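Read through the structure below, which is laid out as structure tokens, and then see the notes.
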Amino acid sequence: MIQTAKRLDIIEEYYFSSKLREVRQLASEGKPIINMGIGSPDLRPSQEVIDAVVLAMQEENAHQYQSYQGLPELRKGMADFYQNNYGVALNSNTEILPLMGSKEGIMHISLAFLNEGDQVLIPNPGYPTYTSVTNLVGAVPVYYDLAAANNWEPDFEALEKLDLSKVKIMWLGYPHMPTGARGSLELFEKLVAFAKNHNILLINDNPYSFVLNDNPMSLLQVEGAKEVALELNSLSKTFNMAGWRVGMVLGNAACIDAILKVKSNMDSGMFFGIQKGAIEALKSDNSWFDSMNAVYKKRRILTEQLAEKLGCKVYKEGVGLFVWAKLPEGITSAEKFIDEILYEKSIFITPGTIFGSNGEGYIRFALCVKEEIVQEAIDRF
């Protein structure tokens with residue numbers, strides 16, 4: 001048998017990849033599974049977006065290889081979106097790079113900037129891919145704590161006590177996943193100052209700005225942020241286009257150029273029709289966000305009722321696509337708790353532990369389930 005690479009010894013298969021096989025197996029056995037675990041929007045993109053893709057299919061160059069940097073009008077659409085919604089001015093030729101989903105951006109950025117042995121500051125709890133990619137490129141994860149007592153924001157006193165001499169990158173994501181903590185411009189200003197003081201590349205993962213959030217923010221709004229910062233963003237949650245794989249990395253022009261060197265050696269340009277659909281999506285006005293959030297607001301109310309029926313305490317201040325909830329007193333294992341619900345009630349909920357040790361004692365519900373199905377989940381209890 002051919003031996004796998006040693007780098008695979010330090011990572012595991014992504015939790016949802018393996019757990020959803022288990023969930024699908026239960027469904028195939030006739031279990032009436034309700035999946036409230038994964039944040040894959042079930043709502044449709046706008047009709048204008050779908051029409052744009054259909055029309056694009058007839059264009060002469062629609063099926064050829066596309067530019068590694070994406071269509072100029074796509075980058076211009078991304079720049080306009082940032083200007084209109086965040087008040088951030090970006091050069092569409094040098095400060096924006098379209099991605100096939102922002103998740104690939106985590107790998108491209110890591111390959112572009114991390115050498116073996118470099119250290120990476122990663123939030124605990126946080127998106128598991130930061131850790132797995134850091135390990136894959138031979139760098140070293142260094143976790144910084146986020147806690148309810150500090151509104152799920154970094155403790156700067158604790159950060160300053162760390163040996164930061166080998167830290168190259170710091171990952172953050174506000175609005176925060178999994179907790180839904182909003183963050184603030186004041187927090188971003190502190191983070192930018194911290195990154196400048198320690199010569200760290202700061203990256204904000206920002207796909208949830210427009211979901212149940214009345215004050216969308218960007219790290220790049222902070223004066224001087226482009227000197228030390230990048231931002232990842234995505235059309236997945238904002239425009240219900242998760243399966244389309246349209247993301248972007250924005251910020252420092254020299255950093256964007258370095259990421260392009262990696263990306264251009266790993267994939268080709270995004271399919272023409274998808275780019276045309278993305279261009280149309282980025283033109284959406286506030287009525288789009290209002291209609292989408294009206295649906296999510298109703299779902300959140302019901303999902304909070306479900307969490308409370310389980311004896312959990314909901315983090316009410318949260319925004320984004322998830323409900324974060326603290327388990328009842330006396331429950332010692334989030335994974336055991338959710339497995340009992342999965343096998344006894346056929347409802348899949350995500351344990352907080354997959355996001356780090358500070359997720360123990362918490363569970364996460366996704367708002368990607370229709371109201372009547374959430375009500376059915378409530379009725380099962």
Side-chain angles (χ1 to χ4, degrees), residues 34-53 77-78 80-87 102 173-184 205-218 233-244 246-247 277-310 312-325 347-350 363-379:
I34 295 175
N35 185 347
M36 302 186 74
I38 194 164
S40 180
D42 62 314
L43 302 175
R44 286 168 54 88
S46 71
Q47 191 58 47
E48 290 83 358
V49 169
I50 295 170
D51 290 345
V53 177
M78 291 170 171
D80 290 345
F81 181 81
Y82 259 68
Q83 181 66 66
N84 296 336
N85 291 285
Y86 300 117
S102 58
Y174 289 96
H176 184 243
M177 199 291 297
T179 68
R182 294 169 185 262
S184 65
D205 197 0
N206 188 19
Y208 300 102
S209 281
F210 295 90
V211 181
L212 295 178
N213 184 18
D214 55 9
N215 185 27
M217 288 179 290
S218 165
N233 214 320
S234 166
L235 276 64
S236 294
K237 277 72 177 183
T238 306
F239 299 108
N240 303 326
M241 295 166 67
W244 296 48
V246 184
I279 291 165
E280 193 63 36
L282 290 162
K283 296 176 185 176
S284 302
D285 60 21
N286 285 338
S287 64
W288 165 258
F289 304 121
D290 290 345
S291 62
M292 179 178 69
N293 283 321
V295 174
Y296 284 136
K297 186 175 182 179
K298 293 175 183 176
R299 292 181 180 185
R300 183 172 179 103
I301 290 169
L302 283 171
T303 302
E304 288 183 358
Q305 290 176 16
L306 173 60
E308 288 163 356
K309 197 156 192 176
L310 294 174
C312 298
K313 183 178 180 181
V314 172
Y315 177 57
K316 298 278 190 178
E317 296 82 5
V319 298
L321 200 60
F322 306 103
V323 169
W324 184 246
I347 300 168
F348 174 48
I349 306 163
T350 302
I363 54 176
R364 190 198 74 175
F365 301 79
L367 300 177
C368 302
V369 178
K370 292 179 174 60
E371 289 170 65
E372 57 267 29
I373 298 177
V374 183
Q375 185 61 57
E376 180 185 337
I378 294 171
D379 292 343

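On a predicted model such as this, the values are computed, not experimentally measured, just so you know.
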Practice prompt. For Val369, enumerate each residue passing the side-chain contact (heavy atoms from CB on, under 4.5 Å) test, keeping only those at least two apart in sequence or located in another chain.
Written response: Ile34, Met36, Ile373, Val374

Fill in: Gap separating the OG1 atom of Thr350 from the CH2 atom of Trp324, nearest 0.5 angstrom
9.5 Å

Worksheet item: With sequence neighbours left out, which residue pairs that include part of residues 287-297 fulfil the side chain to side chain donor-acceptor pair (under 3.5 Å) condition?
Response: Asp285-Ser287

Worksheet item: Sequence neighbours excluded, which residues qualify as side-chain contact (heavy atoms from CB on, under 4.5 Å) partners of Ser209?
Response: Tyr86, Pro175, Asn206, Pro216

Discussion item. Restricting to side-chain contact (heavy atoms from CB on, under 4.5 Å), what partner residues turn up for Lys298, sequence neighbours left out?
Written reply: Glu371

Practice prompt. Answer whether the closest heavy-atom distance between the side chains of Glu308 and Val314 falls below 4.5 Å.
Written response: yes

Fill in: Residues in side chain to side chain donor-acceptor pair (under 3.5 Å) contact with Asp51, at least two apart in sequence or another chain
Gln47

Worksheet entry | Minimal non-hydrogen separation, Pro45 against Ile50, with atom names | O-CD1, 4.2 Å

Worksheet entry | Phe365 vs Leu310 side-chain heavy atoms within contact, under 4.5 Å | yes

Worksheet item: Do Phe322 and Tyr315 have ring centroids that are under 6.0 Å from one another?
Response: no

Item to complete: Working to the nearest 0.5 Å, report the span between CG of Leu43 and SG of Cys368.
Response: 8.0 Å

Worksheet item: Do Asp379 and Lys309 meet the salt-bridge criterion of a basic N to acidic O distance under 4.0 Å?
Response: no

Discussion item. Could you walk me through whether Asp42 and Lys370 satisfy the side-chain contact (heavy atoms from CB on, under 4.5 Å) test, starting with their C-alpha distance in whole Å, then the side-chain angles of each, then the deciding distance to 0.1 Å, before giving a yes or no?
Written reply: CA-CA 8 Å; Asp42 62 314; Lys370 292 179 174 60; 3.6 Å; yes

Please tabulate, for the side chains in residues 234-241, all donor-acceptor contacts under 3.5 angstrom to protein atoms that are two or more places apart in sequence or on a different chain.
residue : atom : partner : partner atom : Å
Ser234  : OG   : Ser236  : N            : 2.9
Ser234  : OG   : Ser236  : OG           : 3.0
Asn240  : ND2  : Arg44   : O            : 3.1

Worksheet item: Between Gly77 and Leu282, what is the shortest heavy-atom contact and its length?
Response: C-CD1, 3.8 Å

Worksheet entry | salt bridge (Lys or Arg N to Asp or Glu O under 4.0 Å) against Glu304, all qualifying residues, sequence neighbours excluded | Arg300, Lys316

Worksheet entry | Pairing residues for Glu317 by the side chain to side chain donor-acceptor pair (under 3.5 Å) criterion, not counting sequence neighbours | none

Worksheet item: How close do Gly320 and Leu367 get, heavy atom to heavy atom, and via which atoms?
Response: O-CD1, 3.9 Å

Worksheet item: Which distance, rounded to the nearest 0.5 Å, do you find between the CD1 of Ile347 and the CG of Leu306?
Response: 6.0 Å

Worksheet item: Would you say the side chains of Asn233 and Tyr82 form a donor-acceptor pair under 3.5 Å?
Response: yes

Practice prompt. Return the set of residues passing side chain to side chain donor-acceptor pair (under 3.5 Å) with Tyr208 (not counting sequence neighbours), or none when no residue passes.
Written response: none

Practice prompt. Could I get the full list of side-chain contact (heavy atoms from CB on, under 4.5 Å) partners for Gln305, not counting sequence neighbours?
Written response: Ile301, Leu302, Ile378

Worksheet item: For Asp80, what residues pass the side chain to side chain donor-acceptor pair (under 3.5 Å) criterion, not counting sequence neighbours?
Response: Lys76

Worksheet item: Can you find a side-chain donor-acceptor pair between Asn213 and Arg182 that sits under 3.5 Å?
Response: yes

Fill in: Which residues share a salt bridge (Lys or Arg N to Asp or Glu O under 4.0 Å) with Lys313, sequence neighbours left out
none

Response to the item:
Correct closest heavy-atom pair for Phe289 and Ser284 would be CE1-O, 4.5 Å

